[in-house]
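Report on the following structure.
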There are 2 protein chains.
Amino acid sequence: MTTDDDRRLDHAPPGDGDLDTRKAAILNAVVTEYIGSALPVGSQHVVDAPGVSVSSATVRSDMAALERDGYLTQPHTSAGRIPTDKGYRFFVDQLGGPGPLDPGGRQQVRQFFDHAHGEIEEMLEHTSGLLADLTDCTAMVVGPSHESAVVRSVQLVGLGHRLALVVVVLADGAVQKQSIELPEDADETVLSEAGGRLVVHALGTPLAQVATSAGPSGNPTVDLVVAAGIAALRSLGVADGHDQLFVGGSSRMAAAFDAVETVRSVLTILEQQLVVVSLLRDILDTGLTVAIGAEHGVEPLASCAIVVMPVSVDGVEAGTIGLLGPTRMNYPLALAAARVVGDRLGERLSEAAR
Amino acid sequence: MTTDDDRRLDHAPPGDGDLDTRKAAILNAVVTEYIGSALPVGSQHVVDAPGVSVSSATVRSDMAALERDGYLTQPHTSAGRIPTDKGYRFFVDQLGGPGPLDPGGRQQVRQFFDHAHGEIEEMLEHTSGLLADLTDCTAMVVGPSHESAVVRSVQLVGLGHRLALVVVVLADGAVQKQSIELPEDADETVLSEAGGRLVVHALGTPLAQVATSAGPSGNPTVDLVVAAGIAALRSLGVADGHDQLFVGGSSRMAAAFDAVETVRSVLTILEQQLVVVSLLRDILDTGLTVAIGAEHGVEPLASCAIVVMPVSVDGVEAGTIGLLGPTRMNYPLALAAARVVGDRLGERLSEAAR
DNA sequence: GGCCAGCACTCACTAGAGTGGAGTGCCAAC
DNA sequence: GTTGGCACTCCACTCTAGTGAGTGCTGGCC
């Protein structure tokens, strides 16, 4: 039964992160099994796994060692083992990054991007749905920040009642707006004069680098409006991560846990866009791709794992993809899907920015 | 104990939707109690309620009658009663519309709208959060449709690569965009010429009433671009309900049910914007304010009730507020909150449109 | 020294019996 | 029509085996 498969593993280097080859194989088998069944895994279920050509007794003693070392744990004595966060961590590290996506998934991704149309926000939104479908996780998509996008057009539109709208079109196709208050004596002429000056001031400049002030025009009212417009532009340039998060498939969290209280607390986190965006940012900043259990500091997500993948637009990390699931999520699938979708999304966004 | 309070009810007209005064009082007491406790209500818990100055034995026989008539049901023999959908319906009808909001809630609403700032989308989003906080329900806010909003500004911005963006600013401060493909030979001149013609064509017109075609300009390329721009404008005028729904507090659904499967199916519905928007639309169209259980046709929401409230902008029903909770939701609170917030939101939007 | 069959042990899970209590329906009396 | 009294029902809870998956240990074997 276990004849050919093992050779590869038997001859692998002995030290694989403190674990000998067989222990690693057993750990992987436990993790894989548990991800599939969500049931504690006994020694008997592991003996047939590749790389484990020993009896259940030997597996037991190895499992005991793995438990001593903190990779596995028992819900109670005389139950099977389930992986600890450390166990999942080993499993994930040993995967060595995303593998290929299964053909069905690849097909689904291809179809999606072939038919993806419409505006960028719509596409990001749908992408989160696609990822959720592919992985059965909750998907988070953070759109590219507009900080460095070049201003293609600025417009000042009066709305009446001392209110005007600064409308900016950026090179990546994003449209931003910000309302400003007008001084009492600002009429159409002032608005159009100020609009013209804003165009001269900001056109062709990255949003975050719009200069703080423009020269005087001779008309103090115009100067006031221009100043307000510049302030509005600059405030749009600050990436507050507020308006660019798309969460898809949050209902999957309900399927992932059977404690309704866990579901509630996870959903509560997901409602806080700022928390989610900075969480993903933090994980990326620590250089991780997967954050398991307590590794990210967010307490209510202690029983969750997060897979993050940067989305590169023209070679620059611009957006982020995140997948949220229980710690026993399907890591190989999640990693593969995140990579493939991230790459394709990046390509798409790069094309659009060109 | 029950002396003064009853007189009002004792002298009420005998037929209140097929129920005599005392039965109605008992039904109301059961509903109120059950909304608070989520536990089946026994005859003993009802004898102290206003309008019920009889013994538990009498209450029992009335309850039996109410069950025969379909207002109450028993989870099992020898358990207390819980209201049926019909029972909730009677309760809600007898409320006769929204009552006043409690002072704390009023205060919260006032504070919110005093400090509400920023763009319309942001405000709608935050409004959904406010409603969820007030009522402990999931809140849905459908923004005003832009069909009838007057075009304040049209702009054609080239994005390179045979792509341009039609950017429309509407009188209510909304900004819409739609990308169009350009013919091979469209250069900056064509773009600006076409942009100018679009302005002439659409400015001051309600979005849904933009005429289908403009006269020829003499330059076939310009005509092509203008046609594409008009098509884009008209497509924006179609209220597909896609981009104007804001759902807040979906985590509250997890707290409302203890069956995780129910939570999952409800969340799945909430993820389908189109379904939610048309559901609210349907309920409003049937002239209801509250849809209980099976009254709306959506099967996965059979254990939910929905409170809807139109939001009037300048006297015209423009947006919608919806509250989703379990059938045993706090109807008086939900109705009061929806009314107050809906009114204030309407005022706010009317101001902005002026 | 590493591996393994055998064995005693642990403990969640299930089913069944017993009990308490909340609640009902019915009835005779007022 | 209303009420107190009473027998009855049935859930929720507890307790008690019994079962079985799974463990740790041990002594013998290669």
Side-chain angles (χ1 to χ4, degrees), chain A residues 1-3 6 9-11 14-15 19-27 29-30 33-34 36-49 51-69 71-84 87 258-259, chain B residues 1-3 6 9-10 14 19-27 29-30 33-34 36-49 51-69 71-84 258:
Chain A
M1 219 168 247
T2 53
T3 52
D6 327 342
L9 283 155
D10 281 336
H11 296 171
L19 293 183
D20 67 50
T21 314
R22 195 182 57 210
K23 288 214 186 65
I26 291 174
L27 179 50
V30 171
E33 178 87 13
Y34 186 68
S37 70
L39 259 36
V41 180
S43 52
Q44 199 60 243
H45 288 100
V46 164
V47 291
D48 291 338
V52 192
S53 40
V54 289
S55 78
S56 69
T58 311
V59 170
R60 274 203 292 284
S61 80
D62 278 1
M63 278 174 139
L66 285 167
E67 180 164 8
R68 263 195 307 282
D69 294 347
Y71 293 99
L72 294 176
T73 188
Q74 281 180 298
H76 55 85
T77 12
S78 88
R81 275 10 189 256
I82 62 177
T84 61
D258 35 41
Chain B
M1 216 167 248
T2 51
T3 53
D6 328 341
L9 283 155
D10 280 337
L19 293 183
D20 67 49
T21 315
R22 196 182 57 211
K23 287 214 185 66
I26 290 175
L27 178 50
V30 171
E33 177 87 14
Y34 186 67
S37 71
L39 258 37
V41 181
S43 54
Q44 199 61 242
H45 287 100
V46 164
V47 290
D48 292 338
V52 193
S53 38
V54 289
S55 78
S56 68
T58 311
V59 171
R60 275 202 292 283
S61 79
D62 278 0
M63 279 174 138
L66 285 167
E67 180 165 7
R68 262 195 307 283
D69 294 347
Y71 293 99
L72 295 177
T73 189
Q74 279 181 299
H76 54 85
T77 13
S78 87
R81 260 49 178 233
I82 62 177
T84 60
D258 36 42

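As a basis for the values below, the full set of heavy atoms in this structure was taken, side chains included, without hydrogen atoms, waters or symmetry mates. Here is the naming used below: chain letters follow the sequence lines, and residue numbers restart at 1 for every chain.
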What I want to check is whether an N or O donor and acceptor connect the side chain of B:S78 with the base of D:dT9 at under 3.5 Å.
yes
With A:H45 as reference, evaluate A:V41, A:D48, A:V47 under the side-chain contact (heavy atoms from CB on, under 4.5 Å) test and give the passing residue.
A:V41
So which nucleotide from D:dT23, C:dA5, D:dC10 ends up closest to the side chain of B:T77?
D:dC10
Regarding B:Q74, tell me which of base, sugar-phosphate or nothing describes its non-hydrogen contacts under 4.0 Å with the strands shown.
sugar-phosphate
What contact category does B:A79 fall into here, base, sugar-phosphate, or nothing, at under 4.0 angstrom with non-hydrogen atoms?
sugar-phosphate
Of all the nucleotides listed (C:dA5, C:dC3, C:dC11), which has the minimum atom distance to the side chain of A:S55?
C:dA5
Go nucleotide by nucleotide along DNA chain D from the 5' end; which of B:H76 and B:R22 gets its closest nucleotide reached first?
B:R22
I need the CG-P distance between B:L39 and C:dG21, as an integer number of Å.
17 Å
Check for a donor-acceptor pair, side chain of B:D69 on one end and backbone N or O of B:Y71 on the other, with a separation under 3.5 Å.
no
Do A:L66 and A:R81 pass the side chain to side chain contact (heavy atoms under 4.5 Å, CB included) test, and can you show the C-alpha distance, the side-chain angles, and the key distance before you say yes or no?
CA-CA 10 Å; A:L66 285 167; A:R81 275 10 189 256; over 6 Å; no
Please give, in whole Å, the distance from D:dG24 P to A:L66 CG?
11 Å
Without decimals, in angstroms, what is the distance between A:I26 CD1 and C:dG2 C1'?
13 Å
Is there a side-chain contact between B:I26 and B:M63 in this structure, where contact means two heavy atoms from C-beta onward sitting under 4.5 Å apart?
yes
Quick check on D:dT23: is either OP1 or OP2 less than 4.0 Å from any side-chain nitrogen or oxygen of A:S43?
yes
Quick one: is B:H45 getting a side-chain N or O under 4.0 Å of the C:dG23 phosphate, OP1 or OP2?
yes
Separation of B:E67 atom CD from C:dC26 atom P, in whole Å?
12 Å
Would you mind reading off the distance between A:R81 atom CZ and C:dT10 atom C1', rounded to a whole angstrom?
13 Å
Pick from B:I82, B:T84, B:L27: which one makes a side-chain contact (heavy atoms from CB on, under 4.5 Å) with B:L72?
B:L27
How many Å lie between CE on A:M63 and P on D:dA21, as a whole number?
16 Å
Whole-Å distance, A:D62 CG to D:dC25 P, equals 14 Å
Taking donor-acceptor contacts at under 3.5 Å, does the side chain of B:R60 reach the base of D:dG5?
yes
